[in-house]
Amino acid sequence: MPELPEVEVVRRGLEAHVLDSVIEGVEVLHPRPVRRHLPGAADFARALTGRRFVAARRRGKYLWLALDDADAGDAMLVHLGMSGQMLVQRPEVAAERHLRVRFGLDSGTELRFVDQRMFGGLALSPGGAVVPTEIAHIALDPLDPDFDDEAFVARVRRSASGIKRILLNQTVISGVGNIYADEGLWRAQLHGEKPGTALTRPQVRLLLDAVRNVMTSALAQGGTSFDALYVNVNGESGYFDRSLDAYGQEGRPCGRCGTAIRRVAFMNRSSYFCPRCQRGPRL
DNA sequence: GTATGTACCTGTTTGC
DNA sequence: TGCAAACAGGTACATA
């Protein structure tokens, strides 16, 4: 599942391989990934044809390619959802099973949006080159130099919600998904159900550092599996190389204390934590 | 303004 | 063996 580090790897790949390319043709093979473009798939294709990619930018899990003018132009906004990939591919390579949108470029390569589950999507953002209005509500991510640590700490400590729920709230901090939330909480030795109001300032700072550190090391590893033709790894492979301390480790010994990692249901998904290192609010 | 629950998707795994 | 249910989970939107 692409979270911030994976999306950043994709952004760098696009920056390296499609910047300065002109879109010569667009083929939308499934309407769902362009559902946010209300005039429809045909209009989406028409509107992008002839445009030039001039910048690749990212906030949290969103990325966008500025078109024609990096300071004042439109943008193509991309979200990979659960299973999305952006691939730079030679045109003669057979279509991927879940190929949804294909861009023919004047460089002789193709940019392909492949997405099995189609939670992701593409949209044309008018005037969105610097920051698309569609994501104005998304908070800065913790790797952004303008991220305000103190404001984050204060925001967390005002909220009675569980800290994991707060971490997943993209209007508070962006780029954190289920995996990095669990990893950050494990490192900071905090239980995800603990209310923000119950946390001390140093605890929240420690958690923020933990989230940053786990993302930074994941990003470093994601970079190593980078392939020149594939702008993206397959969306999962980076994970398998990575050492996860909590996520997906049910029954395995905690790397700190040896207690078996536990899995519990949380918001229609799973949370993994060490029941000894990460004590719940009521236990 | 804030908080919570649910629909959207499809391939794989699990259980009867 | 075969089928159904469970599971993976980020986001927009509806609801409280």
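Chain letters run A, B, ... following the sequence lines, proteins first and then strands; every chain starts at 1.
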note: I163(A), atom CD1; dA3(B), atom C1'; distance rounded to Å ~ 15 Å
When rounded to whole Å, the CG to P distance for the pair L168(A) and dT4(B) reads 13 Å
note: E250(A), atom CD; dA6(C), atom C1'; distance rounded to Å ~ 14 Å
N/O donor-acceptor pair, side chain R269(A) with base dG10(C), under 3.5 angstrom: yes
Between CG of L167(A) and C1' of dT11(C) the distance, given in whole Å, is 17 Å
inquiry  = Less than 4.0 angstrom between a side-chain N/O of S270(A) and OP1 or OP2 of dC7(C), yes or no?
reply    = no
To the nearest angstrom, the CZ-P distance between R35(A) and dT11(C) comes to 12 Å
Regarding the side chain of Y62(A), the nearest nucleotide among dT4(B), dT10(B), dT11(C) is dT11(C)
Winner on side-chain proximity to R155(A), out of dA3(B), dT10(B), dG10(C), is dA3(B)
- Presence of H79(A) side-chain N/O under 4.0 Å of dT11(C) phosphate oxygens OP1/OP2: yes
Rounded to whole Å, CE of M267(A) lies from P of dT11(C) at a distance of 11 Å
Would V26(A) end up clustered with M76(A) when hydrophobic side chains under 4.5 Å apart are linked, directly or stepwise? yes
Distance test, side-chain N/O of R165(A) to OP1/OP2 of dG5(B), below 4.0 Å
yes
Using a heavy-atom cut-off of under 4.0 Å over every strand shown, decide if R263(A) touches base, sugar-phosphate, or nothing.
sugar-phosphate
Residue pair A160(A)/Q116(A) against DNA chain B: nearer the 5' end by closest nucleotide is A160(A)
(message) Between K164(A) and D182(A), does any NZ, NE, NH1 or NH2 come within less than 4.0 Å of an OD or OE carboxylate oxygen?
(response) yes
Here the distance between atom P of dA8(C) and atom CG of D115(A), to the nearest Å, is 19 Å
It should be established whether S159(A) places a side-chain nitrogen or oxygen under 4.0 Å from OP1 or OP2 of nucleotide dA3(B). yes
| Between the side-chain atoms of R117(A) and the base atoms of dA8(C), is any donor-acceptor pair under 3.5 Å? | yes
The reported gap from CD in E27(A) to CZ in R102(A) (rounded to nearest 0.5 angstrom) is 5.0 Å
Regarding the side chain of N268(A), the nearest nucleotide among dT6(B), dC8(B), dG10(C) is dT6(B)
State whether H137(A) places a side-chain N or O below 4.0 Å from either non-bridging phosphate oxygen (OP1 or OP2) of dA12(C).
yes
Check: OP1, OP2 of dT10(B) versus side-chain N and O of R97(A): anything below 4.0 Å?
Finding: no
Is E183(A) paired with R187(A) through a side-chain N to carboxylate O contact shorter than 4.0 Å?
no
- Message: Check this for me: does any side-chain nitrogen of one of E150(A) and R201(A) sit under 4.0 Å from a carboxylate oxygen of the other?
- Response: yes
Separation of dT2(B) atom P from I166(A) atom CD1, nearest Å, is 12 Å
